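Below is one structure, written out as structure tokens, with a few remarks after it.
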Amino acid sequence: MLVSSWDEVYQREIGTFQEIADEGEVWFGEDVLEKMVEWALENAPPAPTAPYVLDIGTGNGVTLFGLAEAGYPPDRLCGVDYSDRSVELAQAIAEHREVPEITFKQCDILFNVPTPLESMGDDEGWDLILDKGTFDAVSLGQYEELEEPASRLYPVKVGALLKEGGLLLITSCNFTEHEIRNLFETTASGLQFHSRVNHRSFSFGGQTGTVVSTTAFVKSTASPSS
Ligand SMILES: C[S@@+](CC[C@H](N)C(=O)[O-])C[C@H]1O[C@@H](n2cnc3c(N)ncnc32)[C@H](O)[C@@H]1O
């Protein structure tokens, strides 16, 4: 049964992948993907100790494949998505790319906690969490069973998954950096602003802006110094 419009998207993409080995959409384009990978290489490098990386709303897994290509050990990479079809697609692509060690599994991040990888300690959190377009999708979703808006709950859920000192890198096309910071930098999430990735800007009607924002946060339960 198809449970969401994302299932329909990935069902189509599975068909295309099987037919012509097209891996599907690179959400926000190659340039944004490259910048996220570059940021990861600088701030959570694969050596000397490779980070455990969780990609939330992994889609076709493109962000994790980017990290694997950049030298991150695939057995420390995990992608979750609430769409079974996304998981099926990402796994098929991983086989095709010969990185079957990357873990992909189904998980609705608002209602479930993704199980840690086998080599992680049970109470250890993730070192790095990636979100490319997922918070945008989550914020637009209708969740009648939630008592608070998904855009308020999501940062708390994500913050709880990170280990102390762990990093979140999030790219959005619906929220400015200012808005993202307002939603994510809360006591409940334990997240504090870390850095940003600069994207090409455009000018329109006397205003300058960017099409997407990429913002990084660090998990710190200590109170901010300023
Ligand atoms: C805009 S797509 C981005 C996909 C991928 N990150 C990429 O860059 O190509 C948003 C993704 O979030 C997933 N998603 C939406 N709500 C979710 C939730 N509550 N839990 C887990 N995944 C979710 C969708 O299935 C979809 O794959």
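Counting convention: from 1, in listed order, for ligands and their atoms alike. Note that the structure is a prediction, hence the values are computed from the model and not measured.
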With heavy-atom distances below 4.0 Å as the criterion, list the atoms of ligand 1 near W27.
1 (C), 7 (C), 8 (O), 9 (O)

Answer yes if the side chains of K105 and T115 hold a donor-acceptor pair under 3.5 Å, and no otherwise.
yes

Show which atoms of ligand 1 fall inside a sub-4.0 Å distance from at least one heavy-atom site of C107.
20 (N), 21 (C)

Distance under 4.0 Å to a non-hydrogen atom of Y143: what atoms of ligand 1 satisfy this?
19 (N)

Out of Y82, F111, W6, who is nearest to atom 16 (N) of ligand 1 when you count heavy atoms only?
Y82

Do D22 and T16 get their side chains close enough for a donor-acceptor pair, meaning under 3.5 Å?
no

Taking the side chain as C-beta and beyond, is there a heavy-atom pair between F104 and L64 under 4.5 Å?
yes

Could you identify the single nearest non-hydrogen protein atom to atom 19 (N) of ligand 1 and state the distance to 0.1 Å?
D108 OD1, 2.9 Å

Mark up the atoms of ligand 1 that fall under 4.0 Å of a heavy atom belonging to T58, in ascending order.
5 (C)

No-hydrogen, no-angle side-chain donor-acceptor test under 3.5 Å, T171 and T214
yes

Could you tell me the residue and atom name of the protein heavy atom closest to atom 5 (C) of ligand 1, and the distance to it rounded to 0.1 Å?
G57 O, 3.2 Å

Logged contact type for Y10 with ligand 1, heavy-atom cut-off 4.0 Å, is side chain

Does one side chain, of T63 or W27, offer a donor that lies under 3.5 Å from an acceptor on the other?
no

Counting each atom of ligand 1 from 1 as listed, which ones have a heavy atom of V62 under 4.0 Å away?
9 (O)

Carefully, step by step, assess F184 and F135 under the rule ring pair (Phe, Tyr, Trp, His ring centres under 6.0 Å).
CA-CA 11 Å; F184 280 74; F135 181 61; 4.9 Å; yes

